Peer 1: 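Got a structure for you, written out below as structure tokens; questions coming shortly.
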Amino acid sequence: FSPAALRLLLDYYWPGNVRELVRVIELAVKKFGDDIIRAEHLSIAIESVSEKKADIKWVNDIFIDGKKVCGILSEASFSVYTGKPEYVVVGIGINAYEPSEGFPSSISDIAGSVFDEPAADLKNRLVAEILNRIMAYYRQLPETPYSEEYLKRSIMTGKSVVVYSGKEVKNAYVLGISEEFGIKVR
């Protein structure tokens, strides 16, 4: 972790040993690349703290009441020699609260927030719960990364989508999610 990232982790309340947490995440990244922070971790954590149902839009977006409240972005670089990750950069964007001036008109119909009103310690509790979910996932590895929880929360199954493959564009129907987290369409 960079000094800024470590400071961020230390600034948040986490009911456990932070040094252990940092070590576990470092080991998980080295061993499993960018698969240590997953949408179901965030969905469960958001539900636990906000008491709102949090669904997943394939593959890394979290929705509450049909609006996006969170997204995960990860980028990894793998060694040409070993095939193992050299580094992984993970970003999690969470709309904890709606901005006081509201969301910009260009996204107001699709953006939402986890909490209705600012309150003491809610963001800290959410971050702590996310970290706890990541730790729990790490402790059960190397079991299969396939997750029934992810499937239960997916809002894509049964939806019509547009599939782009090169220059070809097709309308399709989402049948589900594969064990490799690919989207299955007809």
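Nothing here was measured: the structure is a model prediction, and the numbers come from that model.
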Peer 1: Quick one: pull up CD1 in Ile72 and NE2 in His41 and give me the separation to the nearest 0.5 Å.
Peer 2: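 Answer rounded to 0.5 Å: 8.5 Å.
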Peer 1: Within the structure provided, determine whether Val161 and Met156 are in side-chain contact (heavy-atom separation under 4.5 Å).
Peer 2: yes
Peer 1: Check whether any side-chain heavy atom of Glu98 sits under 4.5 Å from a side-chain heavy atom of Phe103, and report yes or no.
Peer 2: yes
Peer 1: To the nearest 0.5 angstrom, please state how far the CD atom of Glu148 sits from the CD atom of Glu40.
Peer 2: 10.5 Å
Peer 1: What distance do Lys184 atom NZ and Ile177 atom CD1 have between them, rounded to the nearest 0.5 Å?
Peer 2: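 The distance works out to 8.5 Å.
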Peer 1: Any link between Ile130 and Leu122 through a network of hydrophobic side chains (Ile, Leu, Val, Met, Phe, Trp, Tyr) touching at under 4.5 Å?
Peer 2: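 Yes; Leu122 is reachable from Ile130 via cluster members.
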Peer 1: Under 3.5 Å, which donor-acceptor pairs link side chains of residues 104-114 to any protein atom two or more places apart or in another chain?
Peer 2:
residue: Ser108; atom: OG; partner: Ser105; partner atom: O; Å: 3.4
residue: Ser113; atom: OG; partner: Phe115; partner atom: O; Å: 3.1

Peer 1: Enter the distance from Ile62:CD1 to Asn95:CG here, rounded to the nearest 0.5 Å.
Peer 2: 12.0 Å
Peer 1: Can you confirm whether Ile64 sits close enough to Ile46 that some side-chain heavy atom of one is under 4.5 Å from a side-chain heavy atom of the other?
Peer 2: yes
Peer 1: Are Asp55 and Lys53 ion-paired here, with the side-chain N under 4.0 Å from a carboxylate O?
Peer 2: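 Answer for the salt bridge query: yes.
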Peer 1: Does Ile44 belong to the same Ile/Leu/Val/Met/Phe/Trp/Tyr cluster as Val49, with side-chain heavy atoms less than 4.5 Å apart forming each link?
Peer 2: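 Unlinked, Ile44 and Val49 end up in two clusters.
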Peer 1: Do other residues, nucleotides or ligands put more than 12 heavy atoms under 6.0 Å from the NZ atom of Lys57?
Peer 2: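 No.
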Peer 1: Would you say that Tyr173 contacts Val185 through its side chain, given a criterion of any heavy-atom pair below 4.5 Å between the two side chains?
Peer 2: no
Peer 1: Can a donor-acceptor pair be found, under 3.5 Å and without considering hydrogens, that links the side chain of Arg153 to the backbone of Ala54?
Peer 2: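 Here the side-chain-to-backbone pair exists.
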Peer 1: Rounded at 0.5 Å granularity, tell me how far CD in Glu129 sits from OG in Ser48.
Peer 2: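 Result: 4.0 Å between the selected atoms.
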Peer 1: Indicate the atoms forming the closest heavy-atom contact of Val163 with Ala172, along with that distance.
Peer 2: CG2-CB, 3.7 Å
Peer 1: So Cys70 and Ile92, do their side chains get closer than 4.5 Å, heavy atoms only?
Peer 2: yes
Peer 1: Hey, are the side chains of Val162 and Lys170 touching, using non-hydrogen atoms and a 4.5 Å cut-off?
Peer 2: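 Heavy-atom side-chain distance check fails, nothing below 4.5 Å.
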Peer 1: Are Ile56 and Phe63 close enough that some pair of their side-chain heavy atoms sits under 4.5 Å apart?
Peer 2: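 Result no, sub-4.5 Å side-chain heavy-atom pair not found.
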Peer 1: Can a salt bridge be assigned to the pair Asp61 and Lys68 using a cut-off of 4.0 Å between side-chain N and carboxylate O?
Peer 2: yes
Peer 1: Any donor-acceptor pair under 3.5 Å linking the side chain of Ser43 with the backbone of Ala39?
Peer 2: yes
Peer 1: Quick check on Lys159: does its NZ atom have over 12 non-hydrogen neighbours (other residues, nucleotides or ligands) under 6.0 Å away?
Peer 2: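 No, the 6.0 Å shell around NZ holds no more than 12 heavy atoms from other groups.
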